[in-house]
Amino acid sequence: MKRIPRERDWWRDAVIYQVYPRSFADSDGDGTGDLPGVTERLPYLAELGVDGLWLSPFYRSPLADAGYDVADYRDVDPRFGTLADVDTLLARAAELGLAVLVDLVPNHSSDQHPWFQAAVAAGRGSPERARYLFRDGRGADGGLPPNNWRSGFGGPGWTRITEPDGRPGQWYLHLFDVHQPDFDWSCPDVRVEFESVLRFWLDRGVAGFRVDVAHGLIKAPGLPDLTLSPEDLASLPTHATPFWDQDGVHEVYAAWRRVVDSYPPPDRVLCAEAWVSPPERMARYLRPDEMHQGFAFDFLGCRWDATSLRQVIDTELRTMAAVGAPSTWVLSNHDVVRHASRLGTADPGRVTGGIRVGDPQPDRALGLQRARAATLLMLALPGAAYLYQGEELGLPEHTTLADQLRDDPVWIRSGHAHAGRDGCRVPIPWSAHAPGFGFSPTGASWLPQPPEFAEYAADAQAGVPGSTLELYRTALRVRRAYRLGRGRLAWVSPVRSPVLAFDISGLRVMVNLNSAHAVLPDGWSVLCQSGPLAPDGQLPVDTAVWLTPSQPCG
Ligand code: NOJ
């Protein structure tokens, strides 16, 4: 495969594949995916046609939140490999022309991080405590949490420690799990440390960072109680809360931009994971001197409805263009119900919470048909796109996982109200007939794979016309050849039409979200299709096509 050097601003239309190392490929047979496993499969990613990969955390961690609880930002957890394995992975990726982004988790560390351990040991008022958000409790004996903030996973957002003298002491803030104490970003040590962590990985050769909870680092001064009702929270801008999307985050990212820009081209990039609304607030993260990309989560959470999709796409393109940023599309990741399943439920806009065996089960065939159409829509849009491992196989969510096997802290902390995210994190099926579907040489797998994964195995789809894997390969090849990610979208269908149609880079894209077949225009031939056409040549419901002007005969 010929390696084409990356353009300086390659990220503007890049397709990045998210690898969740724990569940991608296990080289040593212990049932947990690892970095050598990723390296072995890099040729598969190159052949798929993506521009790079983002590795979810592989750092030293107790895995209380699957690695988003980092105990050492500069080392690899032995379960995932070693720093030498990272170097091997980066070298192989470079040979294949693949950019590698790593995950950066700056909002919180693990409670096993030496800084947190030192903070607990050092006592009230110490410089060590100043790196985290320790506060005295309320009430006569300090027995009540300092404020009423809740953890995003459920339960209180504060936990009380025992002081070195054995007495009940201060409380620390954790917007996520109890094992994930939030840093205090007003402390200079924290800023210096993270700039150093950025350089550590940039010096090793990474192409950039996906920034976890990018909207969470700064909290409102004085940590005031949250006074908004659930209705307010649903309707008000995210920054109406005292802990999300506070203005102070932007100077952090401007400083990081200076760090990444100090490296030679091609550009090293920052991609924001920021669940903020309205979109204008998201655009602030993507101003020219801040981050390069930020996930368009409104697209991920959009209903399967033409008018809604068009509105989300238009708003996203308009608001990001206003700051000169590309849109960064995404349909699935390790936190949401896989889109092949979500789109087969009655409420595709419900992305989190997971699906349990007793819940209404997704319609697998319908979900997959829509997922393939949604992917063709996404990959035709201007901007960058992120894929989540297994979506190129049309992999569904594991919706019948036994509750006692659940690992996600969401399951525990929500008091079993939410199944959590394990269903989208099940190890990948590579071979239909191998033990563990080829995930691991021994067949071991940290979460069990459902038997139906055999149908989706990569080796059952490779080279099979019409398979989801071949659809992704074709779409990525055509997208690159026509530079769709750099194109300008021009709607052809009228507003509120249930059939979306637009032109981009000389191609016409159509997605039928109607309840009846749609007529394809004369003078165009099908270049790529998410499913078979009807016998009369029309476009079936829940199907998408990319069309090219027909060559005149003779
Ligand atoms: C977002 C990550 O994607 C998710 O997996 C994690 O649980 C939270 N941030 C907390 O780090």
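What's counted below: heavy atoms across the whole structure, side chains too, no hydrogens, waters or symmetry copies. For ligands, and for the atoms within them, numbers begin at 1 and follow the listed sequence.
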Inset, instruction - Give a yes or no on whether the ring-centroid distance for H416 and W411 is below 6.0 angstrom. - result: yes
Nearest-neighbour protein heavy atom for [atom], which is reported as residue plus atom name and distance:
{"atom": "atom 5 (O) of ligand 1", "result": "D335 OD1, 2.7 Å"}
{"atom": "atom 7 (O) of ligand 1", "result": "D65 OD2, 2.6 Å"}
{"atom": "atom 1 (C) of ligand 1", "result": "D212 OD1, 2.8 Å"}

Output the list of atoms in ligand 1 that are nearer than 4.0 Å to some heavy atom of [X], sorted by atom number.
{"X": "E273", "answer": "1 (C), 3 (O)"}
{"X": "R425", "answer": "5 (O)"}
{"X": "V213", "answer": "9 (N)"}
{"X": "H108", "answer": "10 (C), 11 (O)"}
{"X": "R421", "answer": "4 (C), 5 (O), 6 (C), 7 (O)"}

Legend entry - D267-W11 side chain donor-acceptor pair, cut-off 3.5 Å: yes
Inset, instruction - Keeping the roles fixed (side chain from E397, backbone from G354), state whether a donor-acceptor pair exists under 3.5 Å. - result: no
Legend entry - Test item: D72 side-chain N/O and R60 main-chain N/O as donor-acceptor pair under 3.5 Å: no
Part of [X] within contact of ligand 1 (heavy atoms, under 4.0 Å):
{"X": "W275", "result": "neither"}
{"X": "H174", "result": "neither"}
{"X": "Q18", "result": "neither"}

Inset, instruction - Could you check W149 against H174 for side chain to side chain contact (heavy atoms under 4.5 Å, CB included), going step by step and ending with a plain yes or no? - result: CA-CA 9 Å; W149 298 0; H174 50 88; over 6 Å; no
Inset, instruction - I would like to know whether V102 and F58 meet side chain to side chain contact (heavy atoms under 4.5 Å, CB included); could you show each step before the answer? - result: CA-CA 9 Å; V102 294; F58 50 76; 3.8 Å; yes
Legend entry - ring-ring contact (aromatic ring centres under 6.0 Å, His included) partner of F134, the single match among W158, F183, W171, F116: F116
Inset, instruction - Describe, in one word, how the ring planes of F176 and W244 are oriented to each other, choosing from parallel (under 30°), tilted (30 to 60°) and perpendicular (over 60°). - result: tilted
